[in-house]
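Only heavy atoms go into these numbers, but all of them, side chains included; no hydrogens, no water, no symmetry mates. Quick caveat: nothing in here was measured; it's all calculated off a predicted structure. Note that ligands are numbered from 1 as they come in the structure, with each ligand's atoms numbered from 1 the same way.
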Amino acid sequence: MWRGLVRSAASNLRHSRSYSSAVPLPSIIHKRGIDVLHDPWFNKDTGFPITERDRLGLRGLLPPRVVSFEQQYDRFMESYRSLEKNTVGQSYGVVSLAKWRILNRLHDRNETLYYRVLIDNIKDFAPIIYTPTVGLVCQNYSGLFRRPRGMYFSAKDKGEMMSMIYNWPAQQVDMIVLTDGSRILGLGDLGVQGIGIPIGKLDMYVAAAGINPQRILPVMLDVGTNNQKLLEDRLYLGLRQPRLEGEEYLSVVDEFMEAVHARWPKAIVQFEDFQMKWAFETLHRYRKKFCMFNDDIQGTAGVALAGLLGTVRAQGRPLTDFANQKIVVVGAGSAGLGVLNMAIQAVSRIAGSGANPHFFLLDKDGLLTKERKGIDPAAAPFAKSVAETEEMGLREGASLVEVVKKVKPHVLLGLSGVGGVFHEEVLKAMRESDSIKPAIFAMSNPTTKAECTAIDAFKHAGENIVFASGSPFENVDLGNGKVGHVNQANNMYLFPGIGLGSLLSGAHYISDGMLQAAAECLANYMKDEEIQMGILYPSINSIRDITAEVAAAVLRAAIGEGLAEGHGDVGAKELEHMSEEEIIEHVRRNMWYPIYSPLVHER
Ligand SMILES: NC(=O)C1=CN([C@@H]2O[C@H](COP(=O)(O)OP(=O)(O)OC[C@H]3O[C@@H](n4cnc5c(N)ncnc54)[C@H](O)[C@@H]3O)[C@@H](O)[C@H]2O)C=CC1
Ligand SMILES: CC(=O)C(=O)O
Ligand SMILES: [Mg+2]
């Protein structure tokens, strides 16, 4: 499908100037010849017009016919569709890796065409460049490796990072996604192979938020791995040493953050897929000092909260009823605790600080209570008291089935990283839920780690449920023309807007108010008719639109809190004077869109 958008090519150029014909014309890029063809930021393959071929020294380096962008696009999609046809019947792993390879080859060669096909086919391609396939790519990274992408800072680079950061070729970087590879989706410690996650997240930034791909930077902080299999793998490309711990670890992250801040003080740094202890520690350490956020804690929380508020609406209840919802959260890690923290804040806003939310938290050892030995301080506020558990006929460490049977929750939400933990008995117990539309959120990624499948959820818990999963599942055919709608509850609905809104605000840190505004914007995006049909989140096809709205909400919140300092040519004063419509228009204007820009000045 070709969706041509009429836009001025010049609007994509940052420094276009006009020259009189008497002056020798400089090129817009400084490269020439084969170097242009080998630079995916500028390469147009057979799409270079004759003038550019002449003036960039490309004559003879390409077949003579000039092919239009539309034709190149169609040619790529044809080869993608034939790959689909030719791999019918083969395993999921083989097919999805083959699809990832063909997209990755285009990414390596011609970024403009790559991002255009990604944006136009986001529903088909997000599962390849993002979850679930990105998980498989990380697991097989050392074998799949052909070319590096992004930057790699290792424990061996201590003392060198300030100079290394200048090795990155772009003058300006706006968005950085950083991982240490210690908790890649629900797949555990994948060491340096986790770089696939920042790459996939930043692809979503370009597709959803229109961040210019020349201004993104995926980063791997390789501090070793505790994955024995990888340490013994002869193809493993990371440091062969156990992970740094304690102060040694923090000093590496500190050095990286200082180096980034020195070169690009306004860049936003998104922390992604850090194991829980470092996720919380680094968030606490840096959040007021740098413009950064932790996506797994803060992005996920906003998406989950929007979904939880949606389930209240789906029951036909007013939002104030959120304070009375019984919510069982399975997984007391960075994501689960992030969700509970944000949900508690929402309850106090709705029902006042004295409210007593009905939240139950389980980890690998069952229901968390105050009796738990060695409880993590981050989980402690959510542990149930002895009186509360006894009142429900429960006890410390009670199993998930027991908890669901006794509590009869309105919502069962999984962020455990354990596939199938919502098994048949658990799902059947949800039939006794006190809600007329019980909600089941199987949010763990990738698909193999989802707490249950969509089919099982509708089959065992009943057709009236509302279902969401972290990785995509097909809608479920319930027979008699009825469809069980599958939502994708994934932080992809928020992180691009949080990043873009924060960037345009120029705020020196990301406040709770900015994050809350993002979550509320997502929650309010859906119409009542959709919510009634169990549709809690927008279609991924509208991800650019929802991202623009979220970014505008974040920007408005920053302005409201007096945090906005402006970005580029637009200063704090101009932002303050913008109306709501002007803010959203400002956001949309700043979203990059892939078209071939002229690489030489017109005569
Ligand atoms: N859908 C989304 O947008 C997001 C999904 N996730 C997914 O959430 C999962 C967890 O991520 P994190 O919280 O960062 O991991 P984590 O490792 O910090 O926490 C996992 C938690 O699950 C608990 N757990 C393990 N086995 C369990 C069992 N059998 N029953 C109950 N609890 C069990 C652990 O005790 C721990 O508290 C991952 O699969 C990740 O992909 C994370 C962020 C966003
Ligand atoms: C979606 C995501 O951030 C995760 O699964 O970790
Ligand atoms: Mg993540």
Side-chain angles (χ1 to χ4, degrees), residues 126-127 130-132 134-135 138 177-190 194 196-198 200-201 204 270-281 283 293-307 328-341 360-368 372 374-376 378-379 382-383 397-404 412-423 426 441-452 468-473 487-496 498 522 537:
Y130 192 62
T131 187
V134 71
C138 290
V177 179
L178 171 74
T179 190
D180 69 355
S182 55
R183 192 289 273 146
I184 293 301
L185 306 178
L187 303 169
D189 179 353
L190 294 183
I197 292 293
K201 291 271 174 185
M204 291 303 282
Q270 172 169 327
F271 278 57
E272 192 68 48
D273 289 10
F274 282 70
Q275 60 182 306
M276 172 163 134
K277 64 176 175 183
W278 294 129
F280 281 110
E281 172 80 32
L283 182 60
F293 69 105
N294 183 297
D295 181 38
D296 299 296
I297 299 174
Q298 298 167 301
T300 313
V303 168
L305 179 63
V328 170
V329 174
V330 183
S334 40
L337 294 177
V339 171
L340 281 174
N341 276 313
F360 297 79
L361 179 60
L362 288 87
D363 70 359
K364 62 179 176 9
D365 299 318
L367 181 67
L368 259 156
R372 177 70 65 91
I375 192 164
D376 192 294
F382 307 105
S399 72
L400 177 58
V401 176
E402 283 176 78
V403 173
V404 173
L412 176 61
L413 187 152
L415 281 161
S416 64
V418 183
V421 74
F422 297 172
H423 50 74
V426 173
F441 284 40
M443 288 181 69
S444 288
N445 297 314
T447 317
T448 49
K449 304 293 177 185
E451 282 76 9
C452 64
S469 52
S471 296
F473 281 102
N487 294 281
Q488 193 175 354
N490 191 293
N491 50 30
M492 70 182 181
Y493 283 116
L494 281 191
F495 71 77
I498 294 173
L522 181 61
Y537 298 102

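- The protein heavy-atom contact nearest to atom 6 (N) of ligand 1 is Leu415 CD2, 3.7 Å.
- Of all protein heavy atoms, the one closest to atom 1 (C) of ligand 2 is Asn445 ND2, 3.3 Å.
- Checked against a 3.5 angstrom limit, the closest N/O atoms of Val421 and ligand 1 fall outside it.
- The part of Tyr130 lying near ligand 2 is the side chain, judged by heavy-atom distances below 4.0 Å.
- If you look at Asn491 next to ligand 2, the close heavy atoms, those under 4.0 Å, all belong to the side chain.
- Glu451 and Ser444 share a donor-acceptor pair across their side chains, judged by distance under 3.5 Å alone.
- The proximity of Met443 to ligand 2, defined as any non-hydrogen pair under 4.0 Å, does not occur for either the backbone or the side chain.
- The part of Thr300 lying near ligand 1 is the side chain, judged by heavy-atom distances below 4.0 Å.
- Residues Ala379 and Leu368 approach most closely at CB-CD1, 4.3 Å, considering heavy atoms.
- Short contacts between ligand 2 and Arg183, defined as distances under 4.0 Å to a heavy atom of the residue, involve ligand atoms 6 (O).
- In terms of N/O distances under 3.5 Å, ligand 1 is not approached by Met276.
- Residue contacts with ligand 1 for Asp363 involve both N, CA, C or O and side-chain atoms from C-beta outward (heavy atoms, distance under 4.0 Å).
- Residue contact check for ligand 1: Lys449 places no non-hydrogen atom closer than 4.0 Å to it.
- Using a 4.5 Å cut-off on side-chain heavy atoms (C-beta onward), Phe495 and Phe293 make contact.
- Looking at Asp180, its side chain does come within 3.5 Å of a backbone N or O of Ser182 through a donor-acceptor pair.
- Protein heavy atom at the shortest distance from atom 4 (C) of ligand 1 is Asn445 ND2, 3.8 Å.
- Using a 4.0 Å cutoff on heavy atoms, Val418 counts as a contact of ligand 1.
- Protein heavy atom nearest atom 9 (C) of ligand 1, with residue, atom name and distance: Ser444 OG, 3.5 Å.
- By heavy-atom distance, the residue among Met443, Arg183, Gln488 lying nearest atom 40 (C) of ligand 1 is Arg183.
- Given atom 16 (P) of ligand 1, the protein heavy atom at minimum distance is Gly333 CA, 3.8 Å.
- Side-chain N or O atoms of Thr300 include none that pairs as donor or acceptor with a backbone N or O of Asn491 at under 3.5 Å.
- Side-chain contact between Val421 and Val426 is absent, with no heavy atoms from C-beta onward closer than 4.5 Å.
- Remark: ligand 2 and Asp296 share an N or O pair separated by less than 3.5 Å (distance only, no angle test).
- Using a 4.5 Å cut-off on side-chain heavy atoms (C-beta onward), Phe473 and Gln488 make no contact.
- With hydrogens left out, the protein atom closest to atom 3 (O) of ligand 1 is Asn491 N, 2.9 Å, a heavy atom.
- Polar contact with ligand 1: present for Ala335 (N/O pair, distance under 3.5 Å).
- Close contacts between ligand 2 and Lys201 involve ligand atoms 1 (C), 2 (C), 3 (O) [criterion: under 4.0 Å to a heavy atom].
- The heavy-atom pair separating Leu337 from Phe382 by the smallest distance is CD2-CD1, 3.8 Å.
- Regarding atom 20 (C) of ligand 1, its nearest protein heavy-atom neighbour is Ser416 O, 3.8 Å.
- Formation of a donor-acceptor pair under 3.5 Å by the Tyr537 side chain with backbone atoms of Val303 is found in this model.
- Nearest to atom 27 (C) of ligand 1 among the protein's heavy atoms is Lys364 CA, 3.5 Å.
- Of the polar atoms of Ala332, at least one N or O is found under 3.5 Å from an N or O of ligand 1, judged by distance alone.
- Counting only distance, with no hydrogens or angles, the side chain of Arg372 and the backbone of Gly374 share no donor-acceptor pair below 3.5 Å.
- Take the Mg ion (ligand 3) and draw a sphere of radius 2.8 Å; the protein N/O/S atoms inside it number 3.
- With a 4.0 Å cut-off on non-hydrogen atoms, Glu272 touches ligand 2 through its side chain and not its backbone.
- Contact detail for Asp273 and Asp296: the closest heavy-atom pair is N-OD2, 2.6 Å.
- At least one N or O atom of Ser334 sits closer than 3.5 Å to an N or O atom of ligand 1.
- Contacts of Pro446 with ligand 1, taken as heavy-atom pairs under 4.0 Å, are absent altogether.
- When non-hydrogen atoms are compared, ligand 2 lies under 4.0 Å from the side chain of Asn490 (C-beta onward) but not from its backbone.
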